[in-house]
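Chain identifiers are assigned alphabetically (A, B, ...) following the order of the sequence lines, protein sequences preceding nucleic acid strands; residue numbering begins at 1 within each chain.
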Amino acid sequence: MEFLYPVFIFAILALVIGVGLALASRYFHVEGDPLSDKIDALLPQTQCGQCGYPGCRPYANAVAADEVSVNHCVPGGERTMLAIADIMGVEPKAIEEEETVPVVAYIREDECIGCTLCIKACPVDCIIGAPKQYHTIVADHCTGCTLCLEPCPVDCIDMVETPELLEHWAWPVPGTKRAIKAETRKASHEDADV
Amino acid sequence: MIFLSSPHQHGGNTIQLTMFSVIIALIPAAMVSVYLYGWLAVFLLTTCIGISLLTEYWMLRWMGKPTKPVWDGSAGLTGLLLALTLPAAVPWWMAIFAAVFAIILGKQLYGGLGHNPFNPALAARVVLLISFPLHMTSWIVPMHMDATLNMYDFVTSLQFFFLGPDAVKQTWDAITMASPLGYLKTELGQGVTVSQALVNYNYSTLHAFIGREAGSLGEGSALALLMGGIWLMARHTISWHIPISYIATVAMFAWVFNMINPDVYAPPLFHVLAGGLILCAFFMATDPVSSPSSSIGKIVFGIGCGVLTWVIRTYGNYPEGAMFAVVLMNMVTPLIDYYVRPRVYGYKRGKKA
Amino acid sequence: MFDLWDKVQQVLHINTPRGFTGGIVHQNQYKITGGDSIVASPLPDMLVHPIKQHIGDPCEPIVNVGERVLKGQMIAKAQGYLSVPIHASTSGVVEKIEKHLIPHPSGLGLTSISIKPDGLDEVDESLHPLPNYRSVDIVELRERIRHAGLAGLGGAVFPTFVKLVHDQKHPIETVILNGIECEPWLTCDHQLMIEKAHEIITGLDIVMYLVDAKQGIIAIEDNKPDAVTVMRKTLKDMGLTDTVEVKVLPTRYPQGGEKQLIQAITGKEIPAGGLPLHIGVISSNVGTSKAIYDAVCLGEPLTERIITVSGDAVPKAVNMSVRLGTSVRFLLAQVGVTGFDDIKIIHGGPMMGELMVDADVPVVKASNGILAMHKQSIMRAHHDEEPCIRCGDCGEVCPAGLMPNLLAQHCKEDQFERAQDYNLFDCIECGACSYVCPSHIPLVHYFRYGKGQVAQIQREKAFAEESRMRSEKRDARLAKELAEKEEKRRIAKEKKEARAKALADKQAAEDATLSVEAENANENADKGVAKAVDKSEEAS
Amino acid sequence: MTEFGVILLSAVLVNNYVLTKFLGICPFLGVSGKLETAIGMSFAVMFVMTLASTASWIIQQLILIPFDIMYLQTVFFILIIAALVQFVEMVMHKTSPVLYQGLGIFLPLITTNCAVLGVAILNVQQDYSFFASVLYGFGAAVGFGLVLVLFSGLRERLEAAPIPEVFKGSPIILITAGMMALAFMGFAGLVKV
């Protein structure tokens with residue numbers, strides 16, 4: 001029986017520790033998942049579904065649960081991806097889709113038949129209109145998700161680039177890319193004959 | 001037309017100007033080394049500088065970068081500083097190894113100028129000291145001390161440099177002596193008092209100041225180094241913060257402990273003039289890349305160097321702590337930059353936005 | 001007393017302790033037009049007035065195309081609090097109101113009112129002069145200053161009336177008149193001080209009356225000794241030496257910055273996020289002071305200003321009195337610059353001014369200088385960027401006490417949170433750091449990039465938040481609609497079931513009677529069933 | 001008193017766990033990418049190490065020696081350490097979820113961190129008294145944390161550097177760690193242990 005002493009001692013110790021940890025785990029129990037809230041706050045909220053989830057919140061939940069990688073938010077771009085990777089503590093992954101210029105949807109009103117299908121598709125309720133009436137998109141609220149293009153039976157919705165505003169103009173990063181932009185801008189002003 | 005932000009005027013300072021000012025400021029010290037060790041110093045200086053430049057050139061070519069930065073003076077300065085921290089007894093291969101190490105591992109692998117976390121010359125010197133302690137702690141007797149020593153003419157020096165002491169029919173013991181710091185450390189270990197040890201060594205403060213004691217090439221003359229250093233400060237190439245706080249800290253520690261027990265702790269003047277302290281304080285610790293950016297950070301850096309130098313000199317295994325102190329503080333630099341910031345206009349100290 | 005001390009300082013070249021943190025001394029000030037008298041610019045054939053020439057909200061045009069306007073007539077009215085109106089700078093006809101290039105580095109346009117002068121220069125006299133301003137109510141004076149369209153003429157164009165508050169909580173002790181003009185090349189304030197000393201000091205007196213200040217200080221750098229002499233003499237002549245003094249400061253850039261000047265003179269710092277009035281000081285540019293005089297004592301709104309037209313590509317540089325709205329191309333033609341191939345135009349001084357995309361920009365209230373520089377002399381300043389050697393020179397000269405090298409590094413790597421932690425938004429963009437950088441790093445450019453990106457991120461965040469709310473509302477609405485539909489369907493179903501039940505009962509009853517009938521009259525059975533079916537169809 | 005000072009100094013600088021004993025290299029390289037994470041990790045390790053050396057001393061004196069089961073030393077120590085780490089993990093998940101996420105797998109890996117086990121076993125080998133062993137554990141953790149934080153500062157700077165492609169990532173990090181170890185040799189002989 002001598003040889004069983006160590007086994008007993010070890011078992012008792014393990015039991016004590018196990019009970020202690022069980023108590024501790026009850027005391028320090030974490031409610032909910034604050035991570036997914038943090039991720040959701042980073043997402044652009046376009047609700048575009050390009051990530052394969054029906055909106056931003058579901059994607060945030062999926063990322064927080066490690067079900068999906070961090071690089072599926074196309075409108076958020078690299079900056080969002082890096083921020084999420086940072087929170088999740090994983091290596092950043094390149095976004096496969098190309099980053100696009102910011103756009104908003106625009107309805108060519110004379111072609112619109114007033115079918116209200118786009119109104120139903122808009123995730124942020126920014127299309128105004130009634131059956132058999134022209135529809136209009138409130139450009140200030142449009143997230144550029146392109147979800148209204150598909151349902152339109154007469155293809156009268158265009159995605160147009162958002163105009164650059166003087167108040168929103170920001171200095172480009174010092175580098176080479178800035179060269180082309182200014183050159184074209186100058187040319188456009190000369191054409192406009194100001 | 002490109003987007004160019006103001007200001008549209010520039011003061012005219014360049015990296016090249018900065019680097020070459022430091023090189024010019026080191027010329028008096030280099031000349032003193034030639035005076036002390038003759039051709040040996042010349043060989044060492046040319047080898048280190050030449051190999052540094054060559055290595056820089058080859059690294060840049062190998063990495064497919066433009067080779068213009070070779071001439072910005074930083075590689076040459078690294079070579080020069082490296083040579084000035086080496087003892088005259090260092091053979092050719094060791095000098096080459098150190099120069100290659102300094103440029104490749106110390107600088108180019110980190111992305112070149114501006115990105116090295118450690119001072120390249122000091123990093124190489126630390127590697128040598130740990131790898132080859134015998135060579136790195138044997139100091140050739142300066143020329144003026146023993147005129148009978150047949151060591152300093154061109155041919156003998158060349159033979160010694162390439163083939164070692166045997167080739168010139170000398171032994172290490174005959175041609176080398178201890179530096180004041182090393183001698184003091186050994187004597188103190190045997191229970192001799194500081195003052196007695198200094199008398200035994202025939203130490204003279206004046207000699208240490210104008211440059212007649214044994215040591216590394218550039219350590220010899222405090223006077224020559226001070227001339228260069230003060231010129232750099234006057235030119236605003238280096239700021240006063242690091243050298244002054246560094247030397248003052250060492251002096252203060254030495255003074256306080258010397259007051260407590262003069263038998264065990266060396267006097268402040270000895271600490272300041274002996275070894276590589278002045279060289280390190282003015283030319284190594286002030287290396288802009290591996291030292292903090294802000295003035296207040298520089299003072300913290302200098303104090304840190306001072307404390308470490310004194311502690312390592314007094315308690316450590318190595319008689320000279322200045323080099324280690326600077327490399328150790330280089331590691332702390334990013335943290336100093338992060339935590340020790342100047343007070344921003346309109347804020348109370350220590351308060352952030 | 002102060003005179004003597006200034007003299008001693010000048011002779012011995014001792015500068016009083018640095019008045020403000022950091023700063024640089026330019027090796028060459030290039031003030032080639034210093035002491036040149038002001039010449040009036042001729043009338044151009046078109047005057048363009050952008051609807052926003054100050055910091056704050058843009059104005060709203062109140063004239064129509066084809067309408068004739070007079071000099072000094074308000075053509076765009078202020079919108080919101082932080083806004084001042086714009087006046088026509090000559091008489092003529094409004095030709096168009098559309099987008100026009102403005103002096104902005106982006107080269108983007110802004111709605112502008114173009115006026116074709118008729119050459120008569122007829123003045124609108126709706127503002128009557130108030131030469132005895134000390135007897136006028138301060139509320140009216142302040143309204144006058146706003147109505148005259150005054151904004152800081154030093155370059156920041158902050159609406160002047162906003163500063164002139166007589167606040168019980170923050171009594172103003174000192175009014176500082178900024179005659180520093182620390183930018184190289186520019187000399188317009190210098191010359192203005194020499195020629196219009198009386199007007200400037202009267203303007204200062206108006207401001208002191210408005211805010212009830214005890215003390216006025218006119219700050220001038222020691223590179224303008226003639227202006228100092230003139231100002232002091234005028235003060236003595238006007239008998240104001242008891243309340244107003246001229247302070248001579250050692251030449252040092254950017255001493256003309258409001259924060260720096262106040263620090264240099266009072267030793268106090270404006271607390272972060274605060275205004276000068278929080279420490280009992282207000283400051284104003286000498287040009288603004290002169291414009292206040294014009295607006296109050298002469299009844300003239302702000303329609304013209306003094307501009308230094310200079311630069312190394314200008315054959316005969318001058319200080320010019322220019323109508324607002326004059327095209328830069330026209331101005332430069334006056335001083336002999338005709339070809340623009342090899343020339344870059346700086347709007348403002350070289351340290352804080354901006355390169356213009358084109359010469360067809362109008363002069364606005366903020367324009368204190370127009371510099372035409374040779375391309376190569378500009379490009380020399382914009383040398384290729386070399387790696388940062390972390391020398392810390394930039395931090396040494398930073399008047400805001402920042403660490404520009406680390407800040408720029410974080411901006412470059414898009415680590416904007418870190419950059420904000422390093423007080424990105426406390427940068428005043430003076431350019432001293434870029435000026436001394438041995439690696440020619442465009443530090444200010446990086447800060448501007450960072451600030452722009454932070455603003456962009458904040459906008460995106462706000463938009464995302466709004467979108468989220470809209471999306472949640474929509475979800476709630478859809479859910480509600482669904483629930484309502486469900487409810488309706490349920491009710492309909494219940495009704496249907498009830499009806500079906502009723503029908504079934506009826507049917508059963510009819511069946512029962514039918515069978516009785518069948519038993520009674522067999523020959524009529526077929527008819528009867530058909531009738532029953534008809535009935536049930538009707539019922540349903 | 002001097003004895004305790006010597007133990008502390010020796011554990012922090014002279015016989016630094018990471019740079020001279022080369023223990024705990026895995027988290028040293030793994031979580032030194034960001035300063036905040038490194039500081040969090042330092043505190044976690046400090047907590048675990050100090051408690052581990054305390055607990056292991058108690059286990060050693062009260063259980064292992066009286067029952068003469070010294071051969072089970074490693075098993076017992078690992079049990080204690082694992083429990084401690086589990087505890088720290090729970091606390092951290094509750095108090096600082098971002099740090100918890102940042103430390104990631106390295107937090108549970110403290111369990112198998114050789115530095116922690118090393119402290120426990122070296123304590124026993126060196127026959128330290130209770131206070132000495134607690135101090136030694138604490139000192140070793142401070143040394144680990146110090147080096148980790150210094151290293152993370154350096155690594156944050158390296159992030160921005162245009163390091164040649166082949167040396168990016170681990171190679172340059174290892175070179176830097178090597179340089180740090182060399183520099184720490186300067187402390188050799190500070191205390192004669």
A.B. asks: Apply side chain to side chain contact (heavy atoms under 4.5 Å, CB included) to A:Ile119 and list each qualifying residue two or more places apart in sequence or on a separate chain.
C.D. replies: A:Thr116, A:Ile127, A:His135
A.B. asks: Using non-hydrogen atoms and a 4.5 Å limit, figure out which bit of A:Leu165 sits close to chain C: side chain, backbone, both or neither.
C.D. replies: backbone
A.B. asks: Pairs in or reaching into residues 105-132 of chain A: which pass ring pair (Phe, Tyr, Trp, His ring centres under 6.0 Å), with residues at least two apart or in two chains?
C.D. replies: none
A.B. asks: Counting only non-hydrogen atoms closer than 4.5 Å, does C:Lys52 touch chain A with its backbone (N, CA, C, O), its side chain (CB onward), both, or neither?
C.D. replies: neither
A.B. asks: Taking salt bridge (charged side-chain N to carboxylate O under 4.0 Å, His left out) as the definition, give me every residue that meets it alongside C:Arg448, ordered by chain and number, with sequence neighbours left out.
C.D. replies: C:Glu354, C:Glu429
A.B. asks: For A:Leu82, which atoms come within 4.5 Å of any heavy atom of chain C: side chain, backbone, both, or neither?
C.D. replies: neither
A.B. asks: Which atom names give the shortest non-hydrogen contact between A:His141 and A:Val124, and what distance separates them?
C.D. replies: O-CG2, 3.7 Å
A.B. asks: With only heavy atoms counted, which part of A:Cys126 is less than 4.5 Å from chain C, the side chain, the backbone, both or neither?
C.D. replies: both
A.B. asks: Looking only at side-chain N and O atoms, does A:Asp40 offer a donor or acceptor that is under 3.5 Å from a partner on A:Gln45?
C.D. replies: yes
A.B. asks: Which atoms of C:Phe416 are under 4.5 Å from chain A, going by heavy atoms: the side chain, the backbone, both sets, or neither?
C.D. replies: side chain
A.B. asks: Go through C:His347 and C:Ser367 one step at a time and tell me if the side chain to side chain donor-acceptor pair (under 3.5 Å) criterion holds.
C.D. replies: CA-CA 7 Å; C:His347 177 265; C:Ser367 317; 2.7 Å; yes
A.B. asks: For the residue pair C:Pro50 and C:Val48, what are the closest heavy atoms and their distance?
C.D. replies: CD-O, 3.4 Å
A.B. asks: Is the distance between the ring centroids of C:His410 and C:Tyr422 under 6.0 Å?
C.D. replies: yes
A.B. asks: Applying a heavy-atom distance below 4.5 Å, give me the residues of residues 463-472 of chain C that approach chain A, sorted by number.
C.D. replies: C:Phe463, C:Ala464, C:Glu466, C:Ser467, C:Arg468, C:Arg470, C:Ser471
A.B. asks: Which region of C:Ile102, side chain (C-beta onward) or backbone (N, CA, C, O), has a non-hydrogen atom less than 4.5 Å from a non-hydrogen atom of chain A, or is it both or neither?
C.D. replies: side chain
A.B. asks: Would you say the side-chain atoms of C:Glu385 and C:Tyr446 include a donor-acceptor pair closer than 3.5 Å?
C.D. replies: yes
